[in-house]
Amino acid sequence: MSMFGSLGVSASGMGVYKTWIDAISDNVANINTVRPSDQPAFQRRMVVAQSVGGESGGVGDGARVAGIRLGDPEGRLRHDPDHPLADEDGNVRSPDIELSDEMTHLIVAQRSYQANVTVFERARDAYQRALEIGR
Amino acid sequence: MTISPIGAAGVSSTGPLSAASRTAPAADSSGFAGSITKALDELDQLHSSADSFATQAATGELESVTDYLVAATEAQLATQVTVAVRNRAVEAFNDIMRMPV
(Lines give C-alpha, C1' and ligand atoms only; values in the text may rest on other atoms or scores of the structure.)
Protein backbone atom coordinates (compact mmCIF):
# COMPACT_ATOMS: atom_id res chain seq x y z
CA MET A 1 0.00 0.00 0.00
CA SER A 2 1.34 3.37 -1.00
CA MET A 3 1.51 6.57 1.03
CA PHE A 4 -2.13 7.43 0.31
CA GLY A 5 -3.38 3.83 0.34
CA SER A 6 -6.93 4.43 1.49
CA LEU A 7 -7.48 6.92 -1.33
CA GLY A 8 -6.73 4.24 -3.90
CA VAL A 9 -8.82 1.66 -2.02
CA SER A 10 -11.86 3.97 -1.93
CA ALA A 11 -11.31 4.81 -5.58
CA SER A 12 -11.36 1.11 -6.48
CA GLY A 13 -14.70 0.78 -4.67
CA MET A 14 -16.04 3.78 -6.56
CA GLY A 15 -14.94 2.10 -9.80
CA VAL A 16 -16.81 -1.10 -8.94
CA TYR A 17 -20.04 0.74 -8.09
CA LYS A 18 -19.72 2.95 -11.16
CA THR A 19 -19.58 -0.22 -13.27
CA TRP A 20 -22.59 -1.58 -11.39
CA ILE A 21 -24.57 1.62 -12.10
CA ASP A 22 -23.49 1.35 -15.76
CA ALA A 23 -24.78 -2.25 -15.87
CA ILE A 24 -28.09 -1.27 -14.24
CA SER A 25 -28.58 1.56 -16.71
CA ASP A 26 -27.92 -0.88 -19.56
CA ASN A 27 -30.50 -3.31 -18.13
CA VAL A 28 -33.11 -0.58 -17.66
CA ALA A 29 -32.44 0.83 -21.13
CA ASN A 30 -33.03 -2.58 -22.68
CA ILE A 31 -35.98 -3.62 -20.53
CA ASN A 32 -38.32 -3.30 -23.50
CA THR A 33 -35.91 -4.67 -26.11
CA VAL A 34 -37.99 -7.33 -27.80
CA ARG A 35 -36.51 -9.95 -30.13
CA PRO A 36 -38.01 -12.63 -32.35
CA SER A 37 -38.65 -15.93 -30.58
CA ASP A 38 -35.91 -17.75 -32.55
CA GLN A 39 -33.23 -15.39 -31.16
CA PRO A 40 -31.88 -15.18 -27.59
CA ALA A 41 -33.41 -12.40 -25.50
CA PHE A 42 -31.41 -9.45 -24.23
CA GLN A 43 -29.41 -10.83 -21.31
CA ARG A 44 -29.35 -9.01 -18.03
CA ARG A 45 -25.85 -7.70 -17.05
CA MET A 46 -24.66 -8.62 -13.56
CA VAL A 47 -21.40 -7.25 -12.19
CA VAL A 48 -19.15 -9.66 -10.28
CA ALA A 49 -16.99 -7.88 -7.70
CA GLN A 50 -13.74 -9.31 -6.34
CA SER A 51 -11.42 -8.27 -3.55
CA VAL A 52 -7.83 -7.32 -4.44
CA GLY A 53 -4.82 -8.26 -2.32
CA GLY A 54 -4.77 -8.87 1.41
CA GLU A 55 -4.35 -12.64 1.03
CA SER A 56 -1.27 -12.68 3.26
CA GLY A 57 -3.17 -11.24 6.21
CA GLY A 58 -2.55 -7.55 5.56
CA VAL A 59 -5.00 -4.87 4.55
CA GLY A 60 -6.22 -5.43 1.00
CA ASP A 61 -6.02 -3.09 -1.95
CA GLY A 62 -9.74 -2.69 -2.49
CA ALA A 63 -12.15 -4.21 -4.96
CA ARG A 64 -12.30 -4.72 -8.69
CA VAL A 65 -14.74 -5.93 -11.27
CA ALA A 66 -13.95 -9.60 -11.95
CA GLY A 67 -16.33 -9.79 -14.87
CA ILE A 68 -19.88 -9.40 -16.11
CA ARG A 69 -22.27 -12.35 -15.81
CA LEU A 70 -25.14 -12.54 -18.26
CA GLY A 71 -28.70 -13.41 -17.39
CA ASP A 72 -31.04 -15.98 -18.90
CA PRO A 73 -31.01 -15.92 -22.75
CA GLU A 74 -34.40 -17.64 -22.70
CA GLY A 75 -36.00 -14.41 -21.50
CA ARG A 76 -39.77 -14.36 -21.33
CA LEU A 77 -41.79 -15.69 -24.22
CA ARG A 78 -44.67 -13.27 -24.58
CA HIS A 79 -47.79 -13.68 -26.71
CA ASP A 80 -48.24 -10.53 -28.80
CA PRO A 81 -49.59 -11.40 -32.27
CA ASP A 82 -49.73 -7.75 -33.39
CA HIS A 83 -46.01 -7.24 -32.75
CA PRO A 84 -43.98 -6.83 -35.97
CA LEU A 85 -41.41 -9.37 -34.71
CA ALA A 86 -43.96 -12.02 -33.72
CA ASP A 87 -43.55 -15.55 -35.12
CA GLU A 88 -46.31 -17.80 -36.57
CA ASP A 89 -47.65 -18.53 -33.07
CA GLY A 90 -47.66 -14.82 -32.25
CA ASN A 91 -44.83 -15.00 -29.72
CA VAL A 92 -41.94 -12.56 -29.09
CA ARG A 93 -39.06 -12.78 -26.63
CA SER A 94 -38.69 -10.12 -23.91
CA PRO A 95 -35.68 -9.87 -21.58
CA ASP A 96 -35.95 -11.47 -18.14
CA ILE A 97 -35.45 -8.20 -16.23
CA GLU A 98 -37.53 -7.00 -13.30
CA LEU A 99 -37.62 -3.20 -13.12
CA SER A 100 -38.21 -3.17 -9.36
CA ASP A 101 -35.09 -5.33 -8.87
CA GLU A 102 -33.03 -2.97 -11.01
CA MET A 103 -34.24 0.11 -9.15
CA THR A 104 -33.51 -1.52 -5.79
CA HIS A 105 -30.01 -2.42 -6.98
CA LEU A 106 -29.61 1.14 -8.24
CA ILE A 107 -30.30 2.49 -4.75
CA VAL A 108 -27.78 0.05 -3.24
CA ALA A 109 -25.15 0.92 -5.86
CA GLN A 110 -25.68 4.65 -5.48
CA ARG A 111 -25.49 4.55 -1.69
CA SER A 112 -22.40 2.32 -1.80
CA TYR A 113 -20.72 4.72 -4.22
CA GLN A 114 -21.53 7.61 -1.89
CA ALA A 115 -20.13 5.64 1.05
CA ASN A 116 -16.84 5.20 -0.81
CA VAL A 117 -16.74 8.91 -1.64
CA THR A 118 -17.28 9.66 2.07
CA VAL A 119 -14.40 7.34 3.05
CA PHE A 120 -12.24 9.05 0.43
CA GLU A 121 -13.04 12.51 1.79
CA ARG A 122 -12.46 11.45 5.39
CA ALA A 123 -9.10 9.91 4.48
CA ARG A 124 -8.09 13.08 2.62
CA ASP A 125 -9.09 15.21 5.63
CA ALA A 126 -7.11 12.89 7.94
CA TYR A 127 -3.99 13.22 5.76
CA GLN A 128 -4.38 16.99 5.70
CA ARG A 129 -4.81 17.09 9.48
CA ALA A 130 -1.65 15.01 9.86
CA LEU A 131 0.25 17.72 7.99
CA GLU A 132 -0.73 20.18 10.68
CA ILE A 133 1.00 18.19 13.45
CA GLY A 134 3.36 20.48 15.28
CA ARG A 135 2.42 23.52 13.24
CA MET B 1 -4.49 22.32 -14.52
CA THR B 2 -1.79 24.74 -15.62
CA ILE B 3 0.62 24.14 -12.76
CA SER B 4 3.95 23.46 -14.42
CA PRO B 5 5.53 20.31 -13.02
CA ILE B 6 8.37 20.78 -10.59
CA GLY B 7 11.33 19.14 -12.25
CA ALA B 8 14.34 17.62 -10.60
CA ALA B 9 16.45 20.18 -12.46
CA GLY B 10 15.68 22.84 -9.88
CA VAL B 11 16.95 20.59 -7.12
CA SER B 12 20.09 19.32 -8.82
CA SER B 13 21.80 22.61 -7.99
CA THR B 14 21.60 21.68 -4.31
CA GLY B 15 23.59 18.52 -4.99
CA PRO B 16 27.09 20.06 -5.19
CA LEU B 17 26.26 22.36 -2.29
CA SER B 18 25.32 19.50 -0.01
CA ALA B 19 28.27 17.48 -1.26
CA ALA B 20 30.63 20.34 -0.41
CA SER B 21 29.14 21.10 2.97
CA ARG B 22 28.62 17.59 4.31
CA THR B 23 31.16 16.33 6.77
CA ALA B 24 30.57 12.59 6.60
CA PRO B 25 30.96 10.84 3.22
CA ALA B 26 27.62 9.59 2.00
CA ALA B 27 26.22 8.30 -1.26
CA ASP B 28 24.33 10.81 -3.42
CA SER B 29 21.12 8.83 -3.17
CA SER B 30 21.00 9.06 0.61
CA GLY B 31 20.67 12.16 2.75
CA PHE B 32 18.20 14.96 2.57
CA ALA B 33 19.03 16.12 -0.97
CA GLY B 34 18.62 12.61 -2.32
CA SER B 35 15.34 11.97 -0.57
CA ILE B 36 13.86 15.34 -1.53
CA THR B 37 14.88 14.75 -5.15
CA LYS B 38 13.22 11.34 -5.07
CA ALA B 39 10.09 12.84 -3.52
CA LEU B 40 10.00 15.55 -6.18
CA ASP B 41 10.37 12.94 -8.92
CA GLU B 42 7.40 11.02 -7.52
CA LEU B 43 5.47 14.27 -7.16
CA ASP B 44 6.25 15.08 -10.78
CA GLN B 45 4.86 11.70 -11.85
CA LEU B 46 1.66 12.24 -9.83
CA HIS B 47 1.21 15.68 -11.37
CA SER B 48 1.83 14.46 -14.90
CA SER B 49 -0.73 11.66 -14.45
CA ALA B 50 -3.25 14.18 -13.07
CA ASP B 51 -2.43 16.46 -16.02
CA SER B 52 -3.02 13.68 -18.54
CA PHE B 53 -6.39 12.97 -16.90
CA ALA B 54 -7.20 16.70 -17.14
CA THR B 55 -6.35 16.63 -20.84
CA GLN B 56 -8.60 13.60 -21.28
CA ALA B 57 -11.40 15.41 -19.45
CA ALA B 58 -11.01 18.43 -21.75
CA THR B 59 -11.01 16.32 -24.91
CA GLY B 60 -13.87 14.11 -23.79
CA GLU B 61 -11.77 10.94 -23.64
CA LEU B 62 -12.00 10.57 -19.87
CA GLU B 63 -13.57 7.22 -19.00
CA SER B 64 -13.95 7.75 -15.28
CA VAL B 65 -14.36 11.04 -13.44
CA THR B 66 -13.27 9.19 -10.29
CA ASP B 67 -9.84 8.42 -11.76
CA TYR B 68 -9.19 12.09 -12.47
CA LEU B 69 -10.35 13.37 -9.10
CA VAL B 70 -8.38 10.68 -7.24
CA ALA B 71 -5.22 11.50 -9.20
CA ALA B 72 -5.73 15.23 -8.61
CA THR B 73 -6.29 14.70 -4.87
CA GLU B 74 -3.21 12.46 -4.59
CA ALA B 75 -1.10 15.05 -6.40
CA GLN B 76 -2.45 17.79 -4.14
CA LEU B 77 -1.74 15.82 -0.95
CA ALA B 78 1.72 14.78 -2.14
CA THR B 79 2.54 18.42 -2.90
CA GLN B 80 1.42 19.43 0.57
CA VAL B 81 3.52 16.69 2.17
CA THR B 82 6.60 17.65 0.15
CA VAL B 83 6.19 21.34 0.91
CA ALA B 84 5.68 20.57 4.62
CA VAL B 85 8.86 18.45 4.73
CA ARG B 86 10.82 21.11 2.88
CA ASN B 87 9.54 23.86 5.22
CA ARG B 88 10.53 21.83 8.27
CA ALA B 89 13.98 21.21 6.82
CA VAL B 90 14.50 24.91 6.06
CA GLU B 91 13.27 25.72 9.56
CA ALA B 92 15.80 23.32 11.07
CA PHE B 93 18.56 24.76 8.88
CA ASN B 94 17.68 28.30 10.00
CA ASP B 95 17.66 27.19 13.64
CA ILE B 96 21.18 25.82 13.20
CA MET B 97 22.31 28.98 11.39
CA ARG B 98 21.02 31.15 14.23
CA MET B 99 23.04 29.18 16.76
CA PRO B 100 25.47 31.51 18.55
CA VAL B 101 29.09 30.50 18.03
Side-chain angles (χ1 to χ4, degrees), chain A residues 1-26 45 47 49-50 52-53 59-68 106 109-135, chain B residues 1 3 5-6 8 11 29 32 34-57 60-96 98:
Chain A
M1 198 172 278
S2 63
M3 181 158 62
F4 304 121
S6 44
L7 296 186
V9 171
S10 313
S12 75
M14 284 183 233
V16 169
Y17 292 112
K18 178 198 168 289
T19 313
W20 195 8
I21 294 173
D22 288 350
I24 292 167
S25 63
D26 195 21
R45 275 83 166 113
V47 176
Q50 195 180 49
V52 180
V59 177
D61 293 323
R64 70 180 183 92
V65 176
I68 306 287
L106 184 59
Q110 186 204 349
R111 293 296 182 202
S112 308
Y113 187 93
Q114 287 173 342
N116 277 282
V117 172
T118 306
V119 172
F120 183 90
E121 286 172 349
R122 293 294 166 92
R124 186 200 56 198
D125 291 350
Y127 289 133
Q128 275 176 338
R129 280 292 285 134
L131 286 173
E132 292 170 21
I133 292 174
R135 192 172 283 179
Chain B
M1 220 185 283
I3 302 170
I6 305 163
V11 182
S29 59
F32 180 69
S35 52
I36 201 90
T37 309
K38 195 165 154 281
L40 281 175
D41 278 343
E42 284 169 12
L43 188 62
D44 190 32
Q45 279 176 13
L46 282 172
H47 272 288
S48 56
S49 83
D51 283 349
S52 72
F53 278 127
T55 313
Q56 286 176 20
E61 290 165 2
L62 189 67
E63 284 198 356
S64 168
V65 182
T66 312
D67 288 348
Y68 172 37
L69 292 174
V70 169
T73 309
E74 280 188 355
Q76 181 197 8
L77 279 174
T79 311
Q80 287 174 351
V81 170
T82 312
V83 169
V85 170
R86 176 246 175 230
N87 286 346
R88 291 294 163 81
V90 170
E91 220 174 282
F93 176 75
N94 285 338
D95 281 345
I96 294 168
R98 276 198 294 269

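Numbered from 1 within each chain, the chains take letters A, B, ... in sequence-line order. Bear in mind the structure is a predicted one, so any value in this text is a computation, not a measurement.
- In this structure, A/Ile133 and B/Arg88 approach most closely via the heavy-atom pair O-NH2, 3.1 Å.
- In this structure, chain A has no heavy atom under 4.5 Å from any part of B/Glu91.
- Using a 4.5 Å heavy-atom cutoff, the side chains of B/Val81 and A/Phe4 are in contact.
- A/Phe120 has its side chain within reach of B/Thr73: a pair of non-hydrogen atoms, C-beta onward, lies under 4.5 Å apart.
- Residue-environment remark: CD (A/Gln114) exceeds the threshold of 12 foreign heavy atoms within 6.0 Å.
- Proximity to chain A (any heavy atom under 4.5 Å) is shown, for B/Glu42, by neither the backbone nor the side chain.
- Between A/Leu7 and B/Val70, the closest heavy-atom pair is O-CG1, 4.5 Å.
- Heavy-atom distances place no part of A/Tyr17 under 4.5 Å from chain B, backbone and side chain included.
- Pairing each heavy atom of B/Glu74 with each of A/Gly8, the nearest pair is OE2-N, 4.2 Å.
- In this structure, CD on A/Gln128 lies 5.5 Å from CD on B/Gln76, to the nearest 0.5 angstrom.
- Counting only heavy atoms from C-beta outward, the side chains of A/Asn116 and B/Thr66 never approach each other to under 4.5 Å.
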